[in-house]
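Proteins get letters first, then strands, A, B, ... in listed order; numbering begins at 1 in each. Quick note: numbers below take in every heavy atom, side chains included, and nothing from hydrogens, waters or symmetry partners. Quantities reported herein were computed from a predicted structural model and do not represent experimental measurements.
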Amino acid sequence: MDILADLNPAQREAVEAIEGPVLILAGPGSGKTRVITHRVAYLVRVVGVNPRRIMAVTFTNKAAREMEARLNRLLSGSVKDLTLGTFHAICARILRRDGQAAGIDPRFVIYDDDDQISVLKKSLQEVGLDPKQYAPRAIQSAISSAKSQMITPADYLLHGRSYFEEVVARVYEQYEKRLAESSALDFDDLLMKTVQLFRQHPDVLQRYQERYLHVQVDEFQDTNLVQYELVKQIAAKYRNVCVVGDPDQSIYSWRSADLRNILNFEKDYPDAKVVLLEQNYRSTGKILEAASHVIAAARHRKPKDLWTENEPGQPPCVIETYTEQEEAQFVVGEIDRLVSGGEVTGGDCAVMYRTNAQSRVLEEAFIRYGMPYKLVAGTRFYERREVKDIIAYLRLVQNPYDAVSLRRVINVPQRGIGQRSLDELGQWASSRGVPEYRALQLIAESRDSADFPFSPRTVKALAGFAAMVGDLAERRREASMLELFDLVVERSGYRQYLAGLVDGEERWENILELRGVAQENRDLPPGEGLTALLEKVALVSDVDELEEKPDTVTLITLHQAKGLEFPVVFIVGMEDGILPHFKSIDDPEQLEEERRLCYVGITRARQRVYLVRAFRRHLMGSSAVNRPSRFLQDIPRHLVASSSVWEGEDSWSTPSSVEERKAAGGVGSAAFKPGDHVLHEQFGEGVVVSYRVVKNDAEVVVAFDGAGVKRLLLSFAKIEKV
DNA sequence: CGAAAGGCTCTTTTT
DNA sequence: GAGCCTTTCG
C-alpha cells in the first residue's frame, strides 16, 4: 500500500516534509488527521524510523486511540512503541519514571479540579483568609494560569500588582506546600514540573532528546506556553518538530492556550516549512461558505481561503423558536423527520451548545420523544460519589499522604469521626508540621491518649482508620490489581455500607463497573496496575468516552465537538448572551473566541447545519429575551434558509428593541436590506450581506465584486443603492 | 455525631 | 434551579 496515494499535493507535501521544523496550517475538514497519521506511517514505513523514536501528541485520549487504530491499519503491525498521547499523559509517564531527580515521589497522585478546590479552601484558611471572600475558583484559575506560564509562587509574589494578586500569591504558596505534603500534582504541574525537571537535569532531558528523532503536535493552536516549552526542549537536538493547527479554531485561551505559539513558531524556527491545507473534504459548499463568512468577520486574523469540490448542498437553516422548550422540540422533530425520510440515522446527528446547562431541556425533549441520545458530559462516571470514594481509597493505597482522599473517606462509611475531630486533627497535624496521615500514625502508636485533643473513642476510630490504610498500602506491592480492589472494598466496609442504603444496589453496580476498568490492568505487575488505573481515571476526558452508536444522537458542547464531524449538526442557543456568551461580550478578545467557537461548530457539519435560537429563554431561574446571535448576521442572507417556527414569518436581522427601531427610523430611507445591490465609490459594485443598527449609526456588510467583503458604517461609507 | 432543612450564591467552555 | 454551606434538632 502506497502511503502517499490518495493525498492531495499539499497533504503530500506535509507528509513528506520530515526533516526540520514544519508548521501545518490546516483548515477544518482538510484531512489533518489523515496527514498526521500518514506522516507517522511514512516515517516508519518509508523512512525506516523506529516507532520508539517518534512522539505524537494529541489533544484527547480519544484522538490518540483513533490514531493508533489507523496506524495499525496503515502499518499492519505494532505501533506500541510509539509515544502517543496527550501532553498530560506523556508528562505523567515521564515524571513517574524520572521525576525523582526533581524531588517528585513516583507514587504521586493527580489532583483534579475538585481536589484542587478543596486544597485551596484549606490553604485560604491557613493563610488567614475567608474562602467566602475570595472565590476559590478564581484563585484556582489564577494559579493555573500562572503555572501555564511557569510562574512560581516566588515569582508571583514579586510580580503581584493588585491586592487580589497578592492574595493569590499567598494562597499559591500555601497550596504548593499542601500539594507537596500530599505527594500530589495538579494538571498544570504535570506539564510544568516536567519542564522544570528538564531544566534542572540536562542529563535527563538529553535522554529524551536523543530518543525522539521526531516530535509531532496536533491542535497546536490550543497549546499553552509550558507545552510549547516542552516541545522545544525535547525537539532541541534533532529539530524535527511538526506542529499542526488552525488559528481559526483556537477556543481554549481561557485555559491559557496561547495563539502566540503558532506565531512564535516561525520565529523560533526560521527555517520552518509552512504547509497550508485549504481544501475541505468535509462540508458541502454552502456550509463551508457560511462558516467562512462567520470567521471572515473576525478582526484579527490571517485570511485563509478554504475551498471545496463538494456539492453546494443544502443551505444552512436558521430557525427561530419561541422558547428553549420549543427549540428542543424542533430539534427532536427535525431529526425524526430526517431519519424517517431515510436520509440519515440518529447517530449522524449532533446537537451542540455553548453551555452544559443547555443540555437539560434537550434531554427532556429526547426522553419525551423516546429518541435515543448520548450526552457527552453526561456519563461523568468518575464523578459519581461512590466511584470517587473508592478511587479515594485506591489513591490512599497508592499514596497514604494524599490528604484530599484521606479527608474524603475518613468517615465514609461512618466511623464516628466528625467535623470537629477533623478540625482538631488538622490543627494538631499542622502544629506538629506533619501530614495528617503521619499524625494519624502518631496517634495510633501512642499509648497515652492524653497527648491528644481527642476523646478516647475518637482516638480509637482514628487509629483504626490509620491501621486500615497502612495495611492496604502494605499490600500494594504484592497484591494484584483485582485483589487490591476487592480488598479495598471489603476492608473499608464500603460494600456493607452500600448494602444498607436504599440506592445501594445501583451504586454497587457502579463499583463493579469501576472494577471492570481496573480489570483492564490486571496483567500489569503489582503496584503498576494501580498506578495505571489512577492515571487513567485522572486523565480521561468526557469525549474520550464518546462511543459510536448508530441510532443515538450526540449532545455535546461546542468545545468538546472540536475535532469531530457529523453529517447533521444543530447549534442551539444562537443568541447574544449564549453564543457569544454574555461573559465574553465585553471583551473583544473573548468575543473573537466565541466567534471561532461558532465557526468550529458550523464546520463540524458534513451535510446539514441548523442554527437555532429561542426568542425567550430561562436563565438562572428567570426568563430573558435574547437577541439573535450577532454571528448569524455575518452569514449572507442568500446563503441560508430561514424560518420562524413561532410566528410564521422571520424577524431575523430586523431590529427588535425599541431603541433600535428608533435608530433605524433615524437612518431612514438609507436603510439597506441583505441582497440589495449597492455601489461604492471606491470598491465598486457589491451585494449587501447584512445590515445592522449600532448606536446612532448602522453597519452594513457588503460583498463587493472586486474588493471582497467589507464592513462599513453607514454615516461614513459612500454607498448607494443601484 | 449525623441527618434534615433552610438559606445562600452563582452560573462558560475542560486536559 | 442547583449545589453548597450553615443551622438546627434528635
- Heavy-atom nearest nucleotide on DNA chain B taken for A:L539 and for A:Q590; more 5' hit belongs to A:Q590
- Message: I want to check one thing: is the phosphate of B:dA3, taken as OP1 and OP2, less than 4.0 Å away from some side-chain N or O of A:Q414?
- Response: yes
- Could one point to a donor on the side chain of A:H581 or the base of B:dT12 with an acceptor on the other under 3.5 Å away? no
- In whole angstroms, how far is the C1' atom of B:dT14 from the CG atom of A:L558? 14 Å
- Query: Relative to A:F631, does A:R595 satisfy both conditions: NZ or CZ under 6.0 angstrom from the six-membered ring centre, and within 45 degrees of the ring's axis?
  - Reply: no
- Task: Let me know the distance between CG of A:D222 and P of B:dT15, rounded to the nearest Å.
- Result: 12 Å
- Query: What is the distance from CG of A:D113 to C1' of B:dT13, rounded to the nearest Å?
  - Reply: 12 Å
- Starting at CD of A:E535 and ending at P of B:dT15, how long is that distance when rounded to a whole Å? 16 Å
- Task: State whether A:N356 places a side-chain N or O below 4.0 Å from either non-bridging phosphate oxygen (OP1 or OP2) of B:dT13.
- Result: yes
- Query: For the side chain of A:R354, counting heavy atoms from C-beta on, which of B:dC1, B:dT12, B:dT15 is nearest?
  - Reply: B:dT12
- Task: Compute whether any side-chain donor of one residue and acceptor of the other, for A:Q560 and A:T557, lie under 3.5 angstrom apart.
- Result: yes
- Step through it carefully: locate the ring centre of A:Y497, locate the ring centre of A:Y494, and say whether they are under 6.0 Å apart. yes
- Between A:L597 (CG) and B:dT12 (P), how many Å, whole number? 14 Å
- Looking just at side-chain N and O atoms, do A:T531 and A:Q398 make a donor-acceptor pair shorter than 3.5 Å? yes
- Note on the structure: Mate of C:dC9 across any strand shown (Watson-Crick or G-U wobble, both atom pairs under 3.5 Å) is B:dG2
- Select base, sugar-phosphate, or nothing to describe what A:F582 touches, counting heavy atoms under 4.0 Å on all strands. nothing
- Query: Regarding A:S253 and A:E593, is there a side-chain donor-to-acceptor distance under 3.5 Å anywhere?
  - Reply: yes
- Note on the structure: Testing B:dT14, B:dT15, B:dT12 for proximity to the side chain of A:K583, the answer is B:dT12
- Rounded distance in Å - CD1 (A:I110) to C1' (B:dT14): 15 Å
- Message: Please confirm whether the shortest side-chain N or O distance from A:K562 to OP1 or OP2 of B:dT14 is below 4.0 Å.
- Response: no
- Message: Can you measure A:D112 atom CG to B:dT14 atom P for me and round it to whole angstrom units?
- Response: 14 Å
- Is the closest basic N to carboxylate O distance between A:R107 and A:D105 below 4.0 Å? no
- Message: Is there a side-chain contact between A:Q560 and the phosphate of B:dT13, meaning an N or O under 4.0 Å from OP1 or OP2?
- Response: no
- Hey, does the side chain of A:N411 come within less than 4.0 Å of B:dG2's phosphate (OP1/OP2), counting only N and O? yes
- Message: Please give the distance between the C1' atoms of B:dT12 and C:dC5 as a whole number of Å.
- Response: 23 Å
- Query: 5'-most contact on DNA chain B: A:I417 or A:V540, nearest heavy atom basis?
  - Reply: A:I417
- Whether A:Y373 and A:F366 hold their rings parallel, tilted or perpendicular, with breakpoints at 30° and 60°: tilted
- Item | A:W254 aromatic ring stacked with six-membered ring of B:dT12, 5.5 Å and 30° | no
- Reckon A:T557 has a side-chain N or O less than 4.0 Å from the OP1 or OP2 of B:dT14? yes
- Query: When we call it a touch if two heavy atoms are under 4.0 Å apart, what does A:T60 touch: a base, just sugar-phosphate, or nothing?
  - Reply: nothing
- Minimum-distance nucleotide (side-chain atoms of A:R255 versus B:dC1, B:dT15, B:dT13): B:dT15
- Task: Can you figure out which of C:dC4, B:dT12, B:dT15 approaches the side chain of A:F187 most closely?
- Result: B:dT15
- Query: A:K193 has an atom NZ; how far is it from atom P of B:dT15, in whole Å?
  - Reply: 22 Å
- Base, sugar-phosphate, or nothing: which does A:E593 touch, judged by heavy atoms less than 4.0 Å apart? nothing
- Item | B:dT11 - base-pair partner by Watson-Crick or wobble geometry, distances under 3.5 Å | none
- Task: Remember a base hit wins even if backbone is also touched, and classify A:K62 as base, sugar-phosphate or nothing at under 4.0 Å, heavy atoms.
- Result: nothing
